[in-house]
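Structure, as structure tokens:
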Amino acid sequence: MKKSFKQLILLGVMGLVLAILAACGGEETTTTEAEGTSSGETQLLKVAFNQPENHPQYKAMQEFGEKIKERTNGAYEIEIFPNELLGAQRETIELVQSGTIQMSIVAGSLLENFNEDFAVFNLPYVFESAEHQMSVLNDQEVVGDLYSSLKDQGLFVAGAFHSGVRNVYNSEKPINTPEDLKGLKIRIIESDTNIKMMEQMGGTGTPMGQGEVYTAIQSGVIDGGENNELIYSNLKHAEISPYYSYTKHLMFPDYLLINSQLFDGMSEEHQQIFKEELAVAIDREVEMWEEDVQKAIADAEAAGAKFNEVDIELFRKATESVVQEKLASENAKALYEKVREAAK
């Protein structure tokens, strides 16, 4: 028994030594793998997104995430949650503010509720083309102060994506003039500007989350919506709302929001990498958008959609009062002048 007891002690000591050596070896591996990071751990950045995986913004953000992980040596990993899995856009803004999630892609009109000057970029017919829009919305001399203005509310606008040209569609008839919209309830993104705009265009604006639109049109709660061809096609709205009319009334952006404390807490090097790769992702998204629009139109037509052109000047004139009303502050007027100057 005595000899057996000594053997047990010896085995125990040997086991302890092996455990210590293994632990030391594990620490060395972790440090090597995480070389270039401050903590040796990968921080997961969750991104809320309300569109499907085939959307150009989703694909651009995927490429962005791969580059961020590579260039920061694994300090950050980005995971995108499509199809409103983390909630509707308004809800996800609050989640980013609280730090529950790290980022969200949201429609430009929603930011009017945090700083009314954002309304300038959401006005009817403010942009002439995607090139015009992007030249303004990613020019830090124009938007730098505005994008940083939400930091005291927990938000930072990291950049702006092109989100197509918004047009009216409905289940009743083609729209050619503002008179044709009379009596029709059209889903809009919630904002005072959008409500007034749709009223001036002849219809009744009904704020609603994107995920509710199909059922609402199908059941007759609303008569249609207003959006770009990609969303119209991808969400199968052509099946229940076949009349798509090119009013081209809006070209507002989608913003990438990031929790301001998170962004400010990044090293200068990582912030620079983030900005550089986001600029690349934004350019790629515009390229992919143009490619995908043609396919979306073909798919929608196959599902029964009927596209028609309209006299845009009728709608432009009808919405002039909304533009003037929203240019109440000196900041708003200055921003609007810069936008229009860039179009020349």
### Query
Are Val339 and Leu250 in one and the same hydrophobic cluster, where Ile, Leu, Val, Met, Phe, Trp and Tyr link if side-chain heavy atoms are under 4.5 Å apart?
yes
### Message
Let me check something: do Val322 and Val126 share a hydrophobic cluster, defined by ILVMFWY side-chain heavy atoms less than 4.5 Å apart, either directly or through other members?
### Response
no
### Message
Could you check whether any side-chain heavy atom of Leu95 comes within less than 4.5 Å of a side-chain heavy atom of Ser104, counting everything from C-beta outward?
### Response
no
#### Entry: Pair Glu190-Arg90, side-chain contact (heavy atoms from CB on, under 4.5 Å): steps then yes or no
CA-CA 9 Å; Glu190 183 180 353; Arg90 174 173 286 281; 3.5 Å; yes
List the atom pairs, with distances to 0.1 Å, where a side-chain N or O of residues 136-143 and a protein N or O form a donor-acceptor pair under 3.5 Å, not counting sequence neighbours.
| residue | atom | partner | partner atom | Å |
| --- | --- | --- | --- | --- |
| Asn138 | OD1 | Ala160 | N | 3.3 |
| Asn138 | ND2 | Ala160 | O | 3.3 |
| Asp139 | OD1 | Glu141 | N | 3.0 |

### Task
Answer with yes or no whether the hydrophobic clustering places Val120 together with Leu155; edges join I, L, V, M, F, W, Y residues whose side-chain heavy atoms lie under 4.5 Å apart.
yes
### Task
Please assess Met208 against Ile222 for the test side-chain contact (heavy atoms from CB on, under 4.5 Å), listing each intermediate value before the final yes or no.
CA-CA 10 Å; Met208 185 179 295; Ile222 59 176; 3.9 Å; yes
### Task
State the CD-NZ distance between Gln324 and Lys326, to the nearest 0.5 angstrom.
13.0 Å
### Task
I would like to know whether Gln51 and Gln210 meet side-chain contact (heavy atoms from CB on, under 4.5 Å); could you show each step before the answer?
CA-CA 9 Å; Gln51 301 301 330; Gln210 186 65 266; 4.1 Å; yes
### Message
Checking Glu313 against Arg316 for the salt bridge (Lys or Arg N to Asp or Glu O under 4.0 Å) test, could you report, in this order, the C-alpha distance in whole Å, the side-chain angles of both residues, the deciding distance, and whether it holds?
### Response
CA-CA 5 Å; Glu313 287 307 311; Arg316 190 193 297 270; 3.1 Å; yes
### Message
Between Ser149 and Asn115, do the side chains contain a donor N or O and an acceptor N or O under 3.5 Å apart?
### Response
yes
### Query
Which pair of non-hydrogen atoms, one from Ile93 and one from Phe114, has the smallest distance, and what is that distance?
CG2-CZ, 3.5 Å
### Query
Do Phe274 and Tyr76 have ring centroids that are under 6.0 Å from one another?
no
### Query
Centres of the Tyr255 and Tyr147 rings: under 6.0 Å?
yes
### Task
Could you check if a side-chain atom of Pro174 sits within less than 4.5 angstrom of a side-chain atom of Asp180, using non-hydrogen atoms only?
no
### Message
Taking Arg284 first and then Glu287, would you say they form a salt bridge - that is, a charged N and a carboxylate O separated by under 4.0 Å?
### Response
yes
#### Entry: Under 3.5 Å donor-acceptor, Thr215 side chain and Glu212 backbone
no
### Query
Are Trp289 and Ile297 linked, directly or through other ILVMFWY residues, by side chains that come within less than 4.5 angstrom of each other?
yes
#### Entry: Ser191/Thr193 under side chain to side chain donor-acceptor pair (under 3.5 Å): CA gap, chis, key distance, verdict
CA-CA 5 Å; Ser191 86; Thr193 302; 4.5 Å; no
### Query
Going by distance alone, is a donor N or O of one side chain under 3.5 Å from an acceptor N or O of the other, for Thr247 and Ser245?
no
### Task
Run the numbers on His237 and Val213 for side-chain contact (heavy atoms from CB on, under 4.5 Å), then give the verdict.
CA-CA 8 Å; His237 289 180; Val213 177; 3.5 Å; yes
### Task
Indicate yes or no for a side-chain donor-acceptor contact from Asn176 to the backbone of Asp311 under 3.5 Å, with no hydrogens or angles considered.
no
### Task
For Ser241 and Ser171, indicate whether the former's side chain and the latter's backbone hold a donor-acceptor pair under 3.5 Å.
yes
### Query
Has the side chain of Glu63 got a donor or acceptor atom that lies under 3.5 Å from a matching backbone atom of Ala281?
no
### Message
Looking only at the side chains, is there a donor atom on one of Glu112 and Asn122 sitting less than 3.5 Å from an acceptor on the other?
### Response
yes
### Query
Would you call Leu257 and Leu111 a side-chain contact if the rule is heavy atoms closer than 4.5 Å?
yes
### Task
Over all heavy atoms of both residues, which pair between Gly74 and Thr42 is shortest? Give the atoms and the distance, please.
O-OG1, 2.6 Å
### Query
Under the 3.5 angstrom rule, does the side chain of Thr72 hit a backbone N or O of Ile68 as a donor-acceptor pair?
yes
### Query
Does a donor on one side chain and an acceptor on the other come within less than 3.5 Å for Gln272 and Glu276?
yes
### Message
Main chain of Asp223, side chain of Asn170: is a donor-acceptor contact present, judged purely on distance under 3.5 Å?
### Response
no
## Note on the structure
Closest non-hydrogen contact found for His162 with Glu285 is O-OE2, 2.6 Å
### Query
Counting only N and O atoms by type, is there a donor-acceptor contact under 3.5 Å from the side chain of Ser329 to the main-chain atoms of Ala332?
yes
### Glu341 and Lys338 ion-paired at < 4.0 Å
no
#### Entry: Residue pair Tyr244 / Glu301, side-chain donor-acceptor N/O under 3.5 Å
no
### Query
Can you find a heavy atom in the side chain of Met103 that is under 4.5 Å from one in the side chain of Ile78?
yes
### Task
Examine distances only and state if a side-chain atom of Ser163 and a backbone atom of Phe252 form a donor-acceptor pair shorter than 3.5 Å.
yes
## Note on the structure
Heavy-atom nearest pair, Ala342 first then Ser135, reads CB-OG, 4.4 Å
### Task
Report yes or no: does Asn113 contribute a side-chain atom to a donor-acceptor pair with the main-chain N or O of Leu110 at less than 3.5 Å?
yes
### Task
Find out whether Tyr214 and Leu235 are in side-chain contact, i.e. whether some heavy atom of one side chain is under 4.5 Å from a heavy atom of the other.
no
### Query
Out of Lys344, Arg340, Gln133, which one pairs with Glu128 under the side chain to side chain donor-acceptor pair (under 3.5 Å) rule?
Arg340
### Task
Following the transitive rule for hydrophobic clusters with a side-chain heavy-atom cut-off under 4.5 Å over Ile, Leu, Val, Met, Phe, Trp and Tyr, establish whether Met134 and Tyr125 coincide in one cluster.
yes
### Task
Check whether any side-chain heavy atom of Leu230 sits under 4.5 Å from a side-chain heavy atom of Val293, and report yes or no.
yes
#### Entry: Mutual orientation of the aromatic rings belonging to His55 and Phe49 [parallel < 30°, tilted 30-60°, perpendicular > 60°]
perpendicular
### Query
Would you say the side chain of Asp254 lies within less than 4.5 Å of the side chain of Gln57, judging by non-hydrogen atoms?
yes
### Query
Do Lys275 and Leu278 come close enough that some side-chain heavy atom pair is under 4.5 Å?
no
### Query
Got a second to check how far Asp117's CG is from Lys333's NZ, nearest 0.5 Å?
12.0 Å
### Message
Checking the side chain of Asn167 only, and the main-chain atoms of Val165 only, is there a donor and an acceptor separated by less than 3.5 Å?
### Response
yes
